[in-house]
Q: 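Questions regarding the structure given below will be posed in turn.
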Amino acid sequence: MEVVKSILRILQFLFVLLCTALIGNVIASNISGAESAINFSMFVCALAWLAVLYGIVSHFVSAAAIPIVALALDSAATLFTFIDSIVLSAKLQAVNCSNFGRKASDYIAFGSRDDEKRCREIQASIVFMWFLFAAFAASLFFILREFRRGGGSVRGPNMSQIGV
């Protein structure tokens, strides 16, 4: 089971690295484009970095493993990656990046010197954001399972431990 959790954390690291690079390049090449969804995506990447780095550290250093913190970070990362994936997908729509057709001037793919490149980078970041969501959801499943077993909950003594 530890191998699966290690693989999930490595995949999360890879996906968050790719998402951060793609979204960062979209922001860097921006001239006058629509940025609210892109900026939200960078916020989600920063939050995902916190969750991934804490997960990796707590996986290898057991003294740093606080189950409620891992639960909170993975829950937030799962929720925000899901929201971001939906927002970016809705903003980009199902589009052919080679032919934009009649898109509004505030379309998310407009705003750089090479709009086709920007569109393809946003498409790639959407795909990797969905993969990141799946990895965080799987990781959250394992954390919830450990948490429910009593590894992280604060409980009082059992009835058999109370002396009369």
Q: Per the side chain to side chain donor-acceptor pair (under 3.5 Å) rule, what does the pair list look like for residues 55-67, sequence neighbours excluded?
A: Ser6-His59
Q: Looking at the rings of Phe136 and Phe133, which for Trp means the six-membered one, are their centres under 6.0 Å apart?
A: no
Q: Decide, yes or no, whether a salt bridge links Glu35 with Arg118 under the criterion of side-chain N to carboxylate O below 4.0 Å.
A: yes
Q: From Phe13 CZ over to Leu53 CG, what is the distance, rounded to the nearest 0.5 angstrom?
A: 7.0 Å
Q: Does the side chain of Asn25 reach to within under 4.5 Å of the side chain of Lys117, using non-hydrogen atoms?
A: yes
Q: Could you check if a side-chain atom of Cys119 sits within less than 4.5 angstrom of a side-chain atom of Phe100, using non-hydrogen atoms only?
A: yes
Q: Can you tell me how far apart OG1 (Thr81) and CE (Met129) are? Round to the nearest 0.5 Å.
A: 7.0 Å
Q: Which is it for Asp114 and Ser29 under the side chain to side chain contact (heavy atoms under 4.5 Å, CB included) test, yes or no, and what are the steps along the way?
A: CA-CA 9 Å; Asp114 188 359; Ser29 66; over 6 Å; no
Q: Side chains of Asn96 and Asn99, heavy atoms from C-beta outward: is any pair under 4.5 Å?
A: yes
Q: Among residues at least two apart in sequence or on other chains, which ones pass side-chain contact (heavy atoms from CB on, under 4.5 Å) with Ala76?
A: Leu47, Phe80
Q: Shortest non-hydrogen contact from Lys91 to Ala37?
A: CG-CB, 4.2 Å
Q: Quick check for you: to the nearest 0.5 Å, what is the distance between Asp115 atom CG and Cys97 atom SG?
A: 10.0 Å
Q: Quick check: is Ile66 connected to Leu71 through a chain of hydrophobic side chains (ILVMFWY, heavy atoms under 4.5 Å apart)?
A: yes
Q: Which pairs, with at least one residue in residues 40-53 and sequence neighbours excluded, count as a salt bridge (Lys or Arg N to Asp or Glu O under 4.0 Å)?
A: none
Q: With sequence neighbours left out, what residues match Tyr54 under ring-ring contact (aromatic ring centres under 6.0 Å, His included)?
A: none
Q: Under the criterion side chain to side chain contact (heavy atoms under 4.5 Å, CB included), I'd like the reasoning laid out for Leu92 against Tyr107: C-alpha separation, chi angles, the key distance, then a yes or no.
A: CA-CA 8 Å; Leu92 189 63; Tyr107 183 59; 3.5 Å; yes
Q: Considering all heavy atoms of both residues, which atom of Ile23 and which atom of Ser41 are nearest to each other, and what is their separation?
A: CD1-CB, 3.9 Å
Q: Do Arg120 and Ser125 have side-chain atoms, one donor and one acceptor, less than 3.5 Å apart?
A: no
Q: Taking a hydrophobic cluster as the set of Ile, Leu, Val, Met, Phe, Trp and Tyr residues connected by side-chain heavy atoms closer than 4.5 Å, whether directly or through intermediates, do Leu73 and Val52 fall within one such cluster?
A: no
Q: Using the rule that two of Ile, Leu, Val, Met, Phe, Trp, Tyr join whenever any of their side-chain heavy atoms come within less than 4.5 Å, decide whether Phe43 and Trp130 are in one cluster.
A: no
Q: Same hydrophobic cluster for Phe131 and Val44, using side-chain heavy-atom links shorter than 4.5 Å among ILVMFWY?
A: yes
Q: Are Glu121 and Ser112 packed together at the side-chain level, in the sense that at least one heavy-atom pair is separated by less than 4.5 angstrom?
A: no
Q: Pair Ser85, Ile126 - check side chain to side chain contact (heavy atoms under 4.5 Å, CB included), show working.
A: CA-CA 6 Å; Ser85 300; Ile126 291 170; 5.6 Å; no
Q: Find out if a path of hydrophobic residues (ILVMFWY) with successive side-chain heavy-atom gaps under 4.5 Å connects Leu18 to Ile56.
A: yes
Q: Is the backbone N or O of Ser89 less than 3.5 Å from a side-chain atom of Gln123, with the two atoms forming a donor-acceptor pair by type?
A: no
Q: For the residue pair Phe128 and Leu14, establish whether any side-chain heavy-atom pair is separated by less than 4.5 Å.
A: no
Q: Between Gln12 (side chain only) and Ala135 (backbone N and O only), is there a donor and an acceptor less than 3.5 Å apart?
A: yes
Q: What's the shortest heavy-atom distance between Pro67 and Phe147, and which atoms?
A: CB-CD1, 4.1 Å
Q: Can you name the residues that form a side-chain contact (heavy atoms from CB on, under 4.5 Å) with Thr20, not counting sequence neighbours?
A: Val16, Met42, Cys45, Trp49
Q: Does any pair with a residue in residues 134-144 pass side chain to side chain donor-acceptor pair (under 3.5 Å), and if so which ones, sequence neighbours excluded?
A: Arg9-Ser139, Asp74-Ser139
Q: I'd like to check Ile38 versus Ile122 (side-chain heavy atoms, cut-off strictly below 4.5 Å). Are they in contact?
A: yes
Q: Would Ile27 and Asn30 count as a side chain to side chain contact (heavy atoms under 4.5 Å, CB included) here? Give the steps.
A: CA-CA 5 Å; Ile27 290 173; Asn30 186 49; 5.6 Å; no
Q: So, for Thr78 and Ala137, which heavy atoms are closest and what is the spacing to 0.1 Å?
A: OG1-N, 3.9 Å
